[in-house]
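Report on the following structure.
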Amino acid sequence: MFAGANVDKRIVRQRFDRHAKEYDRYAEVQRVMADELVERMCQTIRPPSSEGTPQGTLPNTESLFYDIDLDRMTASSTDEVSCAVRILDIGCGTGMLSERLSRAFPGAELTLVDLSSRMLERASMKLTQAGVSPANIHVINADAEAWLESACGQEGTERPTYNIIASSAAFQWFNFPADTTHRLLQLLAPGGILAFATFLPGTVRELHDAFRQAEALLDLPAQPHGQSYPNKEDWMTWLLEHGGNKLAIRWETSSYRYTFPDVWTALAQVRRVGAGNAVLVHNDARTMDDGQRKGATSRELIHAMQQAYQATFQQDDGRVPLTYEVAYCLTQRGLHT
C-alpha cells in the first residue's frame, strides 16, 4: 500500500511561488489534464436547468455511469442564503481547472485552496478576467491536507460542504493520501462528486530509469529522483474504505508522451512547473535536489544520467521522450447517507 508522497511542503511551496509567472507557459500535460477532467465531468453532470448545458451540448447519456443532477443536489441544500453550486478546487495552482469549471458551471461559488500565494494570486486574476464575480471567489492560502484536517476536525462547528470537489495534478503531493481522501469525502454534500486527475506509476519513467542506470554505473546508492505515485488499487482502497457502497466510481486512464530536443530541455520543462524533486530522504529534513547534490559525484551523476537517457530513449529524429501516466476519477456520494 502506498504510504504517501513524503515531500517537504516548504520546498514545494517555494518552487511554485518561484515558477508561478511562467507555469502556464510550460504546463502542457497539466493543461490537458484539466481539459480532460472537465470534459468527463460535463459528460456526467447535468447542470442546473436555469443555466443550460455546458458548452451548448447535451450530455451523452449513453456514457453516463451515474446521473448527477445539480438541480436536485442544490435543492437539498440546507443553506438558506444561496443554492448556487459550491465547488472546491484542491491545489488550484494558477486556476487552470477553476477557469474551466467556471465556464462549465456558470454562477458557481468557487473555493480555491493552494499552498502557494503566488499561484492563488494568478488564479484569482484569471477567474476575474473570465468574468467570475469576486463575490463568488473564495481563496484559502494553505496546505490542502492541513486545511482539510482542520475543516473536518473541529468539533461543535459545522463543516463546509461542496457539491463538487475537483482537483487536477495536485493529489500527487499528498503525504497522507488515505486520511486526506477520507476528509475530502466528508466535505461532499449528499449527491456530490469528487473529481480528480492525478499521476500514476510510470510517470516520467524515462527520467527514473536513466538515473538508476547512472547510479549503477557510478556505484552510487540508489536515491529518489522524483516522486512515486499511488496506483489504481491504492485509490480504490482509500475511496471504498471511507465511502463503502454509498459511492459510485468512474475510473479511466490515459498516457501522454511528449518529446524534446534534448534531455536538458525535458528537465527544464519539469522544473518550470515547480515539479522538481522535493522528496524527503530517510524521513529527515534533507531533500534530494538532483541539480544541487553535494559531493564530488554530483556533476558525474547528471552527466551519466544524460548519457543513459539518450542511449536508451533517444528517437531516430534525435528527440527524447517524456511520458506521463494519468488517471481520471469521478466519485459520487449517495444522496442518502
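What you see is a predicted model, and the numbers here were worked out from it, not measured in a lab.
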Interatomic distance, M305 atom CE to L218 atom CG [nearest 0.5 angstrom]: 11.5 Å
Residue pair T161 / R86, side-chain heavy-atom distance below 4.5 Å: yes
Donor-acceptor pairs under 3.5 angstrom involving side-chain atoms of residues 126-135: please list them, not counting sequence neighbours.
| unit_1 | atom_1 | unit_2 | atom_2 | d |
| --- | --- | --- | --- | --- |
| K126 | NZ | D24 | OD2 | 2.6 |
| K126 | NZ | T94 | O | 3.1 |
| K126 | NZ | T94 | OG1 | 3.4 |
| T128 | OG1 | S124 | O | 2.9 |
| S133 | OG | A135 | N | 3.2 |

For D114 against C92, the heavy-atom pair lying closest together: OD2-N, 3.3 Å
Cut-off 3.5 Å, no hydrogens considered: what does the side-chain donor-acceptor table look like for residues 260-268, sequence neighbours left out?
| unit_1 | atom_1 | unit_2 | atom_2 | d |
| --- | --- | --- | --- | --- |
| D262 | OD1 | W264 | N | 3.2 |
| D262 | OD1 | T265 | N | 2.8 |
| D262 | OD1 | T265 | OG1 | 2.7 |

Centroid-centroid under 6.0 Å between F171 and F196 rings: yes
Distance, nearest 0.5 Å, that separates CZ of R31 from CG of L97: 13.5 Å
Spacing of CG belonging to L217 relative to CD belonging to E300, to within rounding of 0.5 Å: 9.5 Å
Non-hydrogen side-chain atoms of D35 and L37 separated by less than 4.5 Å: no
Partner residues of W147 under the ring pair (Phe, Tyr, Trp, His ring centres under 6.0 Å) criterion, sequence neighbours left out: none
CA sep, side-chain torsions, deciding dist, call: R13, K9, side-chain contact (heavy atoms from CB on, under 4.5 Å): CA-CA 6 Å; R13 181 181 65 252; K9 296 290 184 73; 5.6 Å; no
Residue pairs, two or more places apart or on separate chains, that pass side chain to side chain donor-acceptor pair (under 3.5 Å) and touch residues 193-211: R205-E325, E206-T323, D209-Q213
Approximate separation, where rounding is to 0.5 Å, of L239 CG and R333 CZ: 13.5 Å
F16 ring center near W173 ring center (under 6.0 Å): yes
ILVMFWY network linking F176 to V113, side-chain heavy atoms under 4.5 angstrom: no
Side-chain heavy-atom pair T44, R250 within 4.5 angstrom cut-off: yes
Side chain to side chain, R100 and M41, heavy atoms closer than 4.5 Å: no
CG-CG distance between D89 and L112, expressed to the nearest 0.5 angstrom: 6.0 Å
Backbone of Q314 reached by a side-chain donor or acceptor of Q310 within 3.5 Å: no
For Y258 against V29, the heavy-atom pair lying closest together: OH-CA, 3.3 Å
Sidechain-backbone polar pair: E215 side chain, Q223 backbone, donor-acceptor under 3.5 Å: yes
Residues that D316 engages under side chain to side chain contact (heavy atoms under 4.5 Å, CB included), provided they are two or more places apart: none
Evaluation steps, side-chain contact (heavy atoms from CB on, under 4.5 Å), between S98 and I137: CA-CA 10 Å; S98 293; I137 304 172; over 6 Å; no
M125-M96 co-clustered via ILVMFWY side chain contacts under 4.5 Å: no
Aromatic ring pairing Y256/Y328, orientation class (parallel under 30°, perpendicular over 60°, tilted between): perpendicular
Exercise: identify the closest heavy-atom pair between L187 and P160: CD2-O, 3.2 Å
Any side-chain donor near an acceptor of the partner, E22 and H19, under 3.5 Å: yes
Working for side-chain contact (heavy atoms from CB on, under 4.5 Å), residues E149 and E145: CA-CA 6 Å; E149 182 179 11; E145 291 191 286; over 6 Å; no
Heavy-atom pair of closest approach, residues N141 and L120: CA-CD1, 3.4 Å
Side-chain donor/acceptor of N175 to backbone N/O of N6, under 3.5 Å: yes
Within-4.5 Å side-chain heavy-atom neighbours: I11 and Q14: yes
Heavy-atom side-chain proximity of Y229 to Q227 below 4.5 angstrom: yes
Positive for side chain to side chain contact (heavy atoms under 4.5 Å, CB included) with Y23, one of M119, R18, R118: M119
Side chain T180, main chain P177, donor-acceptor under 3.5 Å: no
Check: L207 main-chain N/O paired with H225 side-chain donor or acceptor under 3.5 Å: no
Which atom of G93 lies closest to which atom of A123, heavy atoms considered: O-CB, 3.5 Å
Any donor-acceptor N/O pair, Q172 side chain to A170 backbone, under 3.5 Å: yes
Stepwise side-chain contact (heavy atoms from CB on, under 4.5 Å) check, T259 with Q315: CA-CA 9 Å; T259 62; Q315 302 173 161; 3.4 Å; yes
S228 vs F2 side-chain heavy atoms within contact, under 4.5 Å: yes
By side chain to side chain contact (heavy atoms under 4.5 Å, CB included) - contacts of K21 (at least two apart): R122
Side-chain heavy atoms of I87 within contact of Y162, under 4.5 Å: no
Closest non-hydrogen atom pair, A189 against N163: CB-ND2, 4.0 Å
Atom pair CE/CD of M33 and E28 - distance to nearest 0.5 Å: 13.5 Å
Side-chain donor/acceptor of Y309 to backbone N/O of P321, under 3.5 Å: yes
Any donor-acceptor N/O pair, R159 side chain to C152 backbone, under 3.5 Å: yes
Heavy-atom neighbours of D317 CG exceed 12 at 6.0 Å: yes
